[in-house]
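Proteins get letters first, then strands, A, B, ... in listed order; numbering begins at 1 in each.
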There are 2 protein chains.
Amino acid sequence: MNANPKYRRIYDALKKDILSGNYAVGDILPSENTLCAEYSVTRTTVRKALDELEGEGYVYRHHGKGSIVKDRRKSLGLLSVKGFSETVGSGASSRLVYQQELTWEMTSFGFEPTEKELHSKCILFCRQRFVEGAPVMVEVSAIAKEIVPGFDAGKFTDGSFFKTLSSNYLLEITGSEQIIRASMPEGSIASLLEVGEDTPILHVRVRYSTSKPGYYVYSTLYCNTSVYPLSSSHKVRS
Amino acid sequence: MNANPKYRRIYDALKKDILSGNYAVGDILPSENTLCAEYSVTRTTVRKALDELEGEGYVYRHHGKGSIVKDRRKSLGLLSVKGFSETVGSGASSRLVYQQELTWEMTSFGFEPTEKELHSKCILFCRQRFVEGAPVMVEVSAIAKEIVPGFDAGKFTDGSFFKTLSSNYLLEITGSEQIIRASMPEGSIASLLEVGEDTPILHVRVRYSTSKPGYYVYSTLYCNTSVYPLSSSHKVRS
DNA sequence: TAGTGGTCTAGACCACTGG
DNA sequence: CAGTGGTCTAGACCACTAG
């Protein structure tokens with residue numbers, strides 16, 4: 001039951017329809033009861049799917065009206081745990097800058113590697129991200145070699161690291177922790193972002209948890225936020 | 001039923017015990033069934049409370065083990081919709097820099113005021129935030145005058161804006177949207193943060209939604225992240 | 001194995017929004 | 001008013017964890 005709960009199917013379908021534009025901003029999704037009938041489930045299950053969408057900022061709920069598609073501004077929206085390709089959508093592309101293999105001691109992601117990870121070598125790779133042809137982000141990522149045999153950052157499914165983890169290695173991303181700073185880019189980052197070393201950069205350290213306990217994906221993001229800022233949304237107390 | 005759902009009591013009690021240290025980092029909370037008995041509710045209700053805590057990063061759930069108190073690092077952690085005083089806790093203080101009244105047209109928070117808000121004047125105030133005596137954040141906030149009669153930013157309950165909204169005006173914060181950039185501080189901000197104009201600053205624009213439909217709290221934060229970065233955590237797919 | 005959290009059913013009553 | 005989402009009950013079966 002684990003991999004495919006029913007609410008996931010509903011969540012996936014609705015999200016796909018939102019991202020594809022089948023539901024536009026301001027549109028009201030089918031009511032909870034309608035979805036119950038459509039998917040032959042109870043409201044609890046439908047609401048679980050809608051809760052996820054709401055938590056990720058795709059919709060908001062209006063008591064007595066319905067679930068309404070939100071305007072997720074033109075921004076990178078990274079804080080809701082999705083890869084670059086999935087949040088930015090069309091107009092996005094990326095390029096592999098390098099991939100190498102080294103020991104964890106030589107890396108620094110702001111999080112300590114786990115014991116399990118220290119038993120393995122570390123694969124480090126750097127990607128440059130573009131929106132509409134302009135570089136907006138540089139991402140340095142690391143993952144334990146032993147859980148991704150034959151890993152090649154140049155051959156990602158749909159250009160997505162996370163999709164590749166899922167399809168090739170059955171690894172799912174289950175969450176993230178982020179530490180966010182403003183800083184100045186060092187030379188190599190500045191040139192990859194095509195900005196001067198006096199341009200302030202958003203510096204985000206992320207640790208993604210995976211479905212394999214004790215193993216994480218570490219990323220450091222350098223974002224030029226002058227055109228595309230990050231965005232996020234949260235809701236409290238239901 | 002609206003103001004005080006049962007899950008809120010459970011949520012409040014657990015959160016209080018976590019913040020006060022009754023449950024330390026790594027501790028396992030009472031099991032869901034135990035909480036059911038203690039509060040005479042069903043698991044659905046208990047889980048709703050735990051879902052909230054998990055979403056705010058206070059605990060994580062370990063299948064087969066329990067709900068475990070998380071380490072919420074020493075950081076400003078603003079991204080989870082709480083005021084400064086509540087997230088930083090002891091060691092935090094703030095100072096009112098100014099408060100004034102003007103029209104919305106003269107403000108710019110990156111979000112458009114609503115029609116309801118435009119019918120009212122706007123109260124603008126600026127606070128300087130300290131951790132351990134050092135300024136780490138400057139916050140410029142705005143709220144519609146008509147929903148907070150007699151407002152005085154110099155006389156907040158416990159020094160907390162949000163607590164004041166709740167206790168004096170029965171206004172609850174129900175969510176937030178944030179836009180995050182890295183930038184250079186202009187002169188006045190730089191001096192309030194006691195940094196040079198060449199120090200990169202985290203620039204966060206926030207719109208908090210309130211329990212009063214159509215009315216928001218707007219804030220612009222300027223953070224010196226060199227010592228206290230922002231942090232956040234997210235979980236996906238349950 | 002007993003206990004935990006994860007998912008789900010099939011109901012119920014309520015408060016809110018709209019016509 | 002009928003329909004919507006918000007909350008809640010009282011069950012159930014499952015997968016995971018630990019002793």
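- A sub-4.0 Å separation between OP1 or OP2 of D/dG5 and a side-chain N or O of A/Arg43 is absent.
- Rounded to whole angstrom, the span from the CG atom of A/Asp51 across to the P atom of C/dG6 amounts to 15 Å.
- Nearest nucleotide to the side chain of A/Thr34, out of D/dG5, D/dT4, D/dT7: D/dT4.
- Under 4.0 angstrom from either OP1 or OP2 of D/dT17 there lies at least one side-chain N or O belonging to B/His62.
- Contact annotation: B/Arg47 reaches the phosphate of C/dG6 (side-chain N/O to OP1 or OP2, under 4.0 Å).
- Across the helix from C/dT1-D/dA18 to C/dC16-D/dG3, the helix axis at one end is tilted relative to the axis at the other end by 10° (nearest 10 degrees, each axis from five pairs).
- At C/dG6, none of the side-chain N or O atoms of A/Lys48 fall inside 4.0 Å of OP1 or OP2 (strictly under the cut-off).
- At whole-Å resolution of the value, OH in A/Tyr39 and P in C/dT9 are 14 Å apart.
- Between B/Asp12 and the options B/Lys15, B/Arg8, B/Arg9, a salt bridge (Lys or Arg N to Asp or Glu O under 4.0 Å) holds for only B/Arg8.
- Atom NZ in A/Lys6 sits about 12 Å away from atom C1' in D/dC13, given to the nearest Å.
- At whole-Å resolution of the value, CG in A/Leu35 and C1' in D/dT4 are 12 Å apart.
- Residues satisfying the salt bridge (Lys or Arg N to Asp or Glu O under 4.0 Å) test with B/Glu32, not counting sequence neighbours, are B/Arg43, B/Arg47, B/Arg61.
- For B/Ser120, the side-chain contact (heavy atoms from CB on, under 4.5 Å) criterion is met by B/Ala144, B/Lys145, B/Glu146, not counting sequence neighbours.
- When the nucleotides C/dT9, D/dA10, C/dT7 are ranked by their closest atom to the side chain of B/Thr42, D/dA10 comes out on top.
- At least one side-chain nitrogen or oxygen of B/Thr45 sits closer than 4.0 Å to the OP1 or OP2 atom of D/dT9.
- Remark: B/Tyr218 engages B/Glu117 in a side chain to side chain donor-acceptor pair (under 3.5 Å) (not counting sequence neighbours).
- Atom-to-atom, CD of A/Glu32 to P of D/dG6 comes out at 6 Å; the value is rounded to the nearest Å.
- Applying the side chain to side chain donor-acceptor pair (under 3.5 Å) test to A/Ser31 and every residue at least two apart in sequence or in another chain returns A/Thr34.
- For the pair B/Arg61 CZ and D/dA15 C1', the interatomic distance rounds to 15 Å; values are reported in whole Å.
- In summary, of the residues considered (A/Val69, A/Leu35, A/Asn22), a side chain to side chain contact (heavy atoms under 4.5 Å, CB included) with A/Leu14 occurs for A/Leu35 alone.
- Side-chain nitrogen and oxygen atoms of B/Lys65 include at least one within less than 4.0 Å of the OP1 or OP2 phosphate oxygen of D/dA18.
- B/Lys48 forms a cation-pi arrangement with B/Tyr7, by the criterion of a distance under 6.0 Å to the ring centre and an angle within 45° of the ring axis.
- The interatomic distance linking A/Asn33 (CG) with C/dA10 (C1') rounds to 12 Å, in whole Å.
- Separating the OH atom of A/Tyr60 from the C1' atom of D/dG5 is a distance of 14 Å, rounded to the nearest angstrom.
- The phosphate of D/dT4 has OP1 or OP2 within less than 4.0 Å of a side-chain N or O from A/Ser31.
- When distances run from any side-chain atom of A/His63 to the nucleotides D/dC8, C/dC8, D/dG6, the shortest one goes to D/dG6.
- An OP1 or OP2 oxygen of C/dT7 is reached within less than 4.0 angstrom by a side-chain nitrogen or oxygen of A/Tyr7.
- Not a single side chain to side chain donor-acceptor pair (under 3.5 Å) links A/Thr164 to another residue, sequence neighbours left out.
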